[in-house]
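Inspection log for the structure reproduced underneath, given as structure tokens.
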2 protein chains.
Amino acid sequence: METTGTPTDTCAGPPQGNRRPDGADKYTISEVAALTGLTAHTLRWYERIGLMPHIDRSHTGQRRYTNRDLDWLALVGKLRLTGMPVADMVRYAELVRAGDHTYGERFELLQRTREDVLSRIAELQGTLAVLDRKISFYADAGRALASERTR
Amino acid sequence: METTGTPTDTCAGPPQGNRRPDGADKYTISEVAALTGLTAHTLRWYERIGLMPHIDRSHTGQRRYTNRDLDWLALVGKLRLTGMPVADMVRYAELVRAGDHTYGERFELLQRTREDVLSRIAELQGTLAVLDRKISFYADAGRALASERTR
DNA sequence: CGCTTGCTTGGAGTGCACTCCAGCGTTCTA
DNA sequence: TAGAACGCTGGAGTGCACTCCAAGCAAGCG
């Protein structure tokens with residue numbers, strides 16, 4: 001039945017789901033799903049498109065994720081929040097796989113992402129200002145309506 | 001030829017495109033496209049799905065946007081930046097069309113959106129922290145490599 | 001042994017937000 | 001008054017990021 005568990009759980013809380021039971025270093029796909037908030041489907045899909053490093057397999061061919069894999073998924077989760085396209089994350093993953101000589105390129109990619117995040121925050125703060133103006137307008141309108149009702 | 005003009009112009013700058021030539025109060029669809037950064041396609045689509053108020057037409061049936069319409073599009077643009085689904089914006093538009101008795105509901109919708117924006121900003125700041133740690137790691141690695149090369 | 005639960009695969013399907021097309025009418029400039 | 005540029009419509013197509021399906025294998029349990 002795939003055990004979607006808590007699929008993403010829209011309610012607020014620790015961003016990356018539950019904390020991992022430390023000491024362990026081998027997780028099944030459904031454990032990783034629970035830990036990251038991603039579905040097992042998505043985890044397999046990430047692997048297919050080259051967003052994951054090579055994932056270990058059990059003697060029967062089932063995926064066994066390590067703590068290192070979870071760290072990678074945590075980073076991917078953060079990058080996803082910035083709105084970075086999956087294709088760009090795949091590019092980054094390729095650079096990591098390619099070895100140490102890609103440090104420079106990775107550095108640049110991260111810096112560009114950082115700039116994006118900064119301007120995104122600025123945008124959101126601009127939006128917040130608009131929202132606050134509208135909200136205080138509606139608050140006033142509400143008060144006016146209320147006083148009209150009690151008059 | 002549809003005159004996409006400056007389609008969205010990924011480069012930084014004034015978020016809502018150019019400033020409107022004030023005094024005027026009738027804009028063709030391509031003027032609005034240039035002003036908002038949306039395409040004419042998207043403007044027509046917004047109308048079809050009920051995201052726009054009724055748009056005036058010229059005697060031959062062409063759209064003539066007013067400054068009020070531009071203001072609405074500016075708000076929509078801001079809400080879009082927050083990641084609000086178009087369906088929710090349509091809901092808000094419906095409330096506006098429904099009249100004054102929906103003030104309360106609109107107020108709540110805006111407040112919920114405000115909370116979303118706040119937590120989005122917090123998320124992005126968390127991501128920024130992660131990014132900064134990674135960036136300084138790569139900066140150090142770069143320096144180490146450089147000193148190795150000159151050694 | 002049968003049953004349930006969990007995992008495997010390649011490929012097809014979904015939902016969102018556009019994006020474009022064909023075929024036609026209108027408006028502007030030379 | 002020709003020709004280019006712009007606008008109209010309904011409907012089809014696109015790209016992204018998942019999301020699901022069917023058929024089958026493997027382990028644990030009463």
Side-chain angles (χ1 to χ4, degrees), chain A residues 1-10 26-52 54-65 69 73 76-93 116, chain B residues 1-10 26-52 54-65 69 73 76-93 116:
Chain A
M1 210 213 255
E2 206 51 276
T3 309
T4 312
T6 304
T8 297
D9 221 357
T10 337
K26 292 222 162 297
Y27 307 87
T28 65
I29 199 165
S30 61
E31 284 165 346
V32 176
L35 251 25
T36 60
L38 299 166
T39 69
H41 293 305
T42 302
L43 288 167
R44 294 193 200 100
W45 178 67
Y46 276 3
E47 204 175 323
R48 262 195 268 180
I49 63 173
L51 185 51
M52 298 298 296
H54 176 78
I55 303 294
D56 286 352
R57 296 296 179 117
S58 73
H59 68 108
T60 54
Q62 296 188 199
R63 290 171 181 80
R64 293 294 177 256
Y65 292 82
D69 298 328
L73 281 170
V76 165
K78 289 290 184 192
L79 293 179
R80 216 166 40 113
L81 287 178
T82 71
M84 180 189 273
V86 168
D88 289 6
M89 291 192 263
V90 170
R91 174 84 192 121
Y92 184 72
D116 288 354
Chain B
M1 209 212 258
E2 208 51 280
T3 310
T4 311
T6 305
T8 297
D9 223 355
T10 335
K26 291 223 163 296
Y27 308 87
T28 65
I29 198 165
S30 62
E31 284 166 345
V32 176
L35 251 24
T36 60
L38 299 166
T39 70
H41 293 304
T42 302
L43 289 167
R44 293 193 201 100
W45 178 68
Y46 276 2
E47 205 174 323
R48 263 196 266 180
I49 63 173
L51 185 52
M52 298 300 295
H54 176 78
I55 302 294
D56 286 351
R57 297 296 180 116
S58 72
H59 69 108
T60 54
Q62 295 190 199
R63 290 171 181 80
R64 292 292 177 259
Y65 293 82
D69 297 329
L73 281 169
V76 165
K78 288 291 184 193
L79 293 178
R80 215 165 41 111
L81 287 178
T82 71
M84 179 187 273
V86 168
D88 289 7
M89 292 192 263
V90 170
R91 173 86 191 120
Y92 184 71
D116 287 354

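Numbered from 1 within each chain, the chains take letters A, B, ... in sequence-line order.
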Checklist outcome for this item: Heavy atoms of A:Leu43 and A:Ala33 approach each other most closely as CD1-N, 3.8 Å
Checklist outcome for this item: A:Ile49 atom CD1 is separated from D:dG15 atom P, nearest whole Å, by 17 Å
Item to check | Residues within residues 85-93 of chain A bordering DNA chain D, heavy-atom distance below 4.0 Å | outcome: A:Pro85, A:Val86
Item to check | Close side-chain approach of A:Arg64 to A:Thr28, heavy-atom, < 4.5 Å | outcome: yes
Next on the checklist: For a quick test of reading the model: is some side-chain N or O of B:Arg63 closer than 4.0 Å to OP1 or OP2 of D:dG7?
Outcome noted: no
Item to check | Close side-chain approach of B:Val32 and B:Asp69, heavy atoms under 4.5 Å | outcome: no
Item to check | Side chain proximity check, A:Arg44 to A:Ile29, heavy atoms < 4.5 angstrom | outcome: yes
Checklist entry - When the distance from CG of A:Asp56 to P of C:dT8 is rounded to whole Å, what number comes out? => result 13 Å
Next on the checklist: As a test of reading the structure: which of D:dC8, C:dC18, C:dC7 is closest to the side chain of B:Arg57, going by heavy atoms?
Outcome noted: D:dC8
Checklist entry - To the nearest angstrom, how far is B:Ile29 atom CD1 from C:dT19 atom P? => result 14 Å
Next on the checklist: Side chains of A:Leu38 and A:Arg80, heavy atoms from C-beta outward: is any pair under 4.5 Å?
Outcome noted: yes
Next on the checklist: Please report the distance, rounded to the nearest Å, between CG in B:Leu38 and C1' in C:dC20.
Outcome noted: 16 Å
Next on the checklist: Could you tell me how far apart A:Glu47 (CD) and C:dG10 (C1') are, to the nearest whole angstrom?
Outcome noted: 14 Å
Please enumerate all protein N or O atoms sitting under 3.5 Å from an N or O of nucleotides 26-28 of chain C, with distances to 0.1 Å.
| unit_1 | atom_1 | unit_2 | atom_2 | d |
| --- | --- | --- | --- | --- |
| C:dT26 | O3' | B:Thr60 | OG1 | 3.4 |
| C:dT27 | OP1 | B:Thr60 | OG1 | 2.6 |

Item to check | Nearest listed nucleotide, side chain of A:Arg48, among C:dG11, C:dC20, D:dC8 | outcome: C:dG11
Next on the checklist: Between P on D:dC8 and CD1 on B:Ile55, what's the gap in Å once rounded to a whole number?
Outcome noted: 11 Å
Next on the checklist: Looking at every non-hydrogen atom in both residues, tell me the closest pair between A:Ala93 and A:Leu51 and how far apart they are.
Outcome noted: CB-O, 3.9 Å
Next on the checklist: Taking only side-chain N and O atoms of A:Tyr46, does any of them lie within less than 4.0 angstrom of OP1 or OP2 on D:dC18?
Outcome noted: yes
Item to check | Of the listed nucleotides D:dA17, C:dT19, C:dG6, the one nearest the side chain of A:Trp45 | outcome: D:dA17
Checklist entry - How about B:Ile49 and B:Trp45: do any of their side-chain heavy atoms sit closer than 4.5 Å? => result yes
Checklist entry - D:dC20 P sits how many Å from A:Arg44 CZ, rounded? => result 12 Å
Checklist outcome for this item: Against the side chain of B:His41, the closest entry in D:dG7, C:dT9, C:dC20 is C:dC20
Checklist entry - Got B:Arg57 and B:Arg63 here, is their nearest side-chain heavy-atom distance under 4.5 Å? => result yes
Checklist outcome for this item: Between A:Thr42 and B:Thr28, the residue closer to the 5' end of DNA chain D by nearest nucleotide is B:Thr28
Next on the checklist: What's the separation between atom CG in A:Leu73 and atom CG in A:Leu35, rounded to the nearest 0.5 Å?
Outcome noted: 9.5 Å
Next on the checklist: Measuring to OP1 and OP2 of C:dC7, would you say a side-chain N or O of A:Ser30 lies under 4.0 angstrom away?
Outcome noted: yes
Checklist outcome for this item: A:Arg80 atom CZ is separated from D:dC18 atom C1', nearest whole Å, by 10 Å
Next on the checklist: Could you tell me if the side chain of B:Asp56 sits less than 4.5 Å from the side chain of B:Lys26, heavy atoms only?
Outcome noted: yes
